[in-house]
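Down below is the structure, laid out as structure tokens.
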Amino acid sequence: MSLHPLDSSAALEPELLCIFGTGDLGRSLGQRLLQSGYRVVYGSRRPNSCGPLPQGAQVMTHQEAAQSANLIFICVHREHYEFLGTLAPHLDRKVLVDLSNNLKKNLYPEANAAYLQRLVPKAAVVKGLNTLSAWALQNGLLAGKQVYLCGNDEEAKHAVAEMATKLGLTVLDRGSLSAAREIEDFPLRLFPEWRLPLCIAVDLTAFFFFYLLIRDVIYAYVENGDEISFRIMVSLANKVNTFPIRVSNRVSHHAVSLLPARLYCCLPPALQRDQLIFACSRRFPDWLDRWMLCRKQMGLVALGFAFLHAIYTFIIPIRYAVRHKLISRVLKNQTTPFHFDNTEAWGTDSFYALGILGFFLYVLLGLTSLPSVGGSLSWREFSFIQSKLGYLTLFICTAHGYIYGWDKFLSRATYKWYTPPAFMLCLIVPSVVLVLKFIIIIPCVDRTLMRIRQGWERTPPRRETDDVKFTNL
């Protein structure tokens, strides 16, 4: 160990890092490295005319820059990699960090990092940092951001991971260089977790839009000759918004989304696709895994529809059609006293009160899904909000729908062309969920857990693998 005096002039010189490429990504990365205490040298084909570079950085030819540093960032496109083959003698035992991406998947027969390793076989190629954008590097939005690394040389990956950690990044090692294609495909993903929730929301919206269009607008024109197509813009849209809200709400929060899993556990083993040890100690089927993993996105989509529903409801009194209807009713009843229905007043106020309360609880559930909020809660607090308040929200929103149609269920005029009204279709899914929750699922799960405990007590002493299964259960 060498001891250095406490003199600034004798301090260790910062490590020198090399960057091939003077484009936006190369300049942004160099600026960030300089701010983190590194020295930076750029390798360029035209060192004297490569454009503006971060203050404090040097610029050399590719050969000179490669000889001056041990860790080199490759910030050029794959189609320009040929010059690296001519530099192969100067890149022996160097660490090359490949930051390249492709415009689409499977554009080349092999990964960019694998191609680079074939061009420079004696260098240690590490694929990583390709999920960082020039904009994020320039604005310093790196704290806690996760990046992926892969490579065949463990020492090279350790050096890159140490540098990335110093930049404030969180590093995840993906193994050998064979994972490079998977890492290169990460920036090309377009909301993979949102595909199923958005498809469900779009399909429900389209189906119920045409359903209500036929039932409300076309029915009124065919049967009564009324032209009310203007209702498509607000009234029909407001009704359509309620369907994704109520359906998505039932699968979004923690407790309700586990109902299919609990029901699956209650089935006899002969009816389950996978033979389960002690009912639920193995993983669920793929369709159930996808259903449970998308619950957060389903909840956020439904929360967005809930905001639209609230806004549409607020603007109803200022619409021309509503104002015209109210004025006509007032003029018509100038001589006839308008009867006040106390029951209808109670129903209307209860309907709006439950809607406001349900919307408030729904927003509360959405806020707890934010990482900054959910991370500050203990598991018991998070489980209480997502489970107990989730069921309360479910019950209140369902009661909101029942009160809206409490006097319309048995009315013949409600069933136009023998089709049920919109609010009845809204209530099917939540009513089934509540019945399964409070009548079928809980007693079934209790009996299943009792059988698990009884069966486990009759088994011989557990091995270590059995302890892991019991802990997972």
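In this text, all values refer to a predicted model and were calculated from it rather than measured experimentally. Atoms considered below: every heavy atom in the structure, side chains included; atoms not considered: hydrogens, waters and symmetry mates.
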Of all the heavy-atom pairs spanning R323 and I318, show the shortest one and how long it is. NE-O, 3.3 Å

I'd like to check V202 versus I200 (side-chain heavy atoms, cut-off strictly below 4.5 Å). Are they in contact? no

For the residue pair K416 and P421, establish whether any side-chain heavy-atom pair is separated by less than 4.5 Å. no

Are D98 and N112 close enough that a side-chain donor and a side-chain acceptor fall under 3.5 Å? no

Can you find a pair of side-chain heavy atoms, one from I218 and one from W417, that are under 4.5 Å apart? yes

Taking every non-hydrogen atom, the tightest pair across P54 and G30: CG-C, 4.2 Å

Would you kindly say whether Q146 and T170 are connected by a side-chain donor-acceptor distance under 3.5 Å? no

In this structure, CZ of F20 is separated from CD1 of I74 (nearest 0.5 Å) by 5.5 Å

CG of L116 to CD of E110: how many Å apart, nearest 0.5 Å? 10.0 Å

Axial cation check for Y38 ring with K166, 6.0 Å and 45° limits: yes

Which atom pair, heavy atoms only, marks the closest approach of C75 to L29? SG-CD2, 4.1 Å

Should L33 and I19 count as side-chain neighbours, where that means a heavy-atom distance under 4.5 Å? yes

At what distance, to the nearest 0.5 angstrom, does CE of M298 lie from CG of L303? 13.0 Å

Side chains of P430 and L394, heavy atoms from C-beta outward: is any pair under 4.5 Å? yes

Closest approach of T393 and G358, non-hydrogen atoms and distance? CG2-O, 3.9 Å

In Å, rounded to the nearest 0.5 Å, how long is the span from NZ of K296 to OG1 of T368? 9.5 Å

If we count only N and O atoms by modelled type, under 3.5 Å, do the side chains of T419 and R215 hold a donor and an acceptor together? yes

Whether Y211 and F207 hold their rings parallel, tilted or perpendicular, with breakpoints at 30° and 60°: parallel

Under 4.5 Å between any side-chain heavy atoms of D407 and T343, yes or no? no

Taking L25's backbone N and O only, do any of them form a donor-acceptor pair with S28's side chain (distance below 3.5 Å, no angle check)? no

Got a second to check how far M424's CE is from K408's NZ, nearest 0.5 Å? 9.5 Å

Between Y148 and F186, what is the ring plane arrangement, given parallel below 30°, perpendicular above 60°, and tilted in between? tilted

Residue pair Y402 / S431, side-chain donor-acceptor N/O under 3.5 Å: yes

Is it the case that the side chain of T348 and the backbone of A345 share a donor-acceptor pair, with hydrogens and angles ignored and the cut-off at 3.5 Å? no

Provide the closest heavy-atom pair for A164 versus V171 in the form atom of the first, atom of the second, distance. CB-CG2, 3.6 Å

Mind checking whether F209 and I232 have side chains closer than 4.5 Å, heavy atoms only? yes

To the nearest 0.5 Å, what is the distance between CG on L425 and NZ on K239? 12.0 Å

Tell me the closest heavy-atom pair linking Y42 and Q31, and the distance in Å. OH-N, 4.4 Å

Expected output: side-chain D173 to main-chain G175 donor-acceptor under 3.5 Å: yes

In terms of side-chain heavy atoms, does S100 have a donor or acceptor partner in Y81 at a distance below 3.5 Å? yes

Can you tell whether the side chains of R231 and D216 come within less than 4.0 Å, N to carboxylate O? no

Main-chain N/O of L354 paired with H400 side-chain donor or acceptor, under 3.5 Å: no

Between F359 and F307, does the ring centroid distance fall short of 6.0 Å? yes

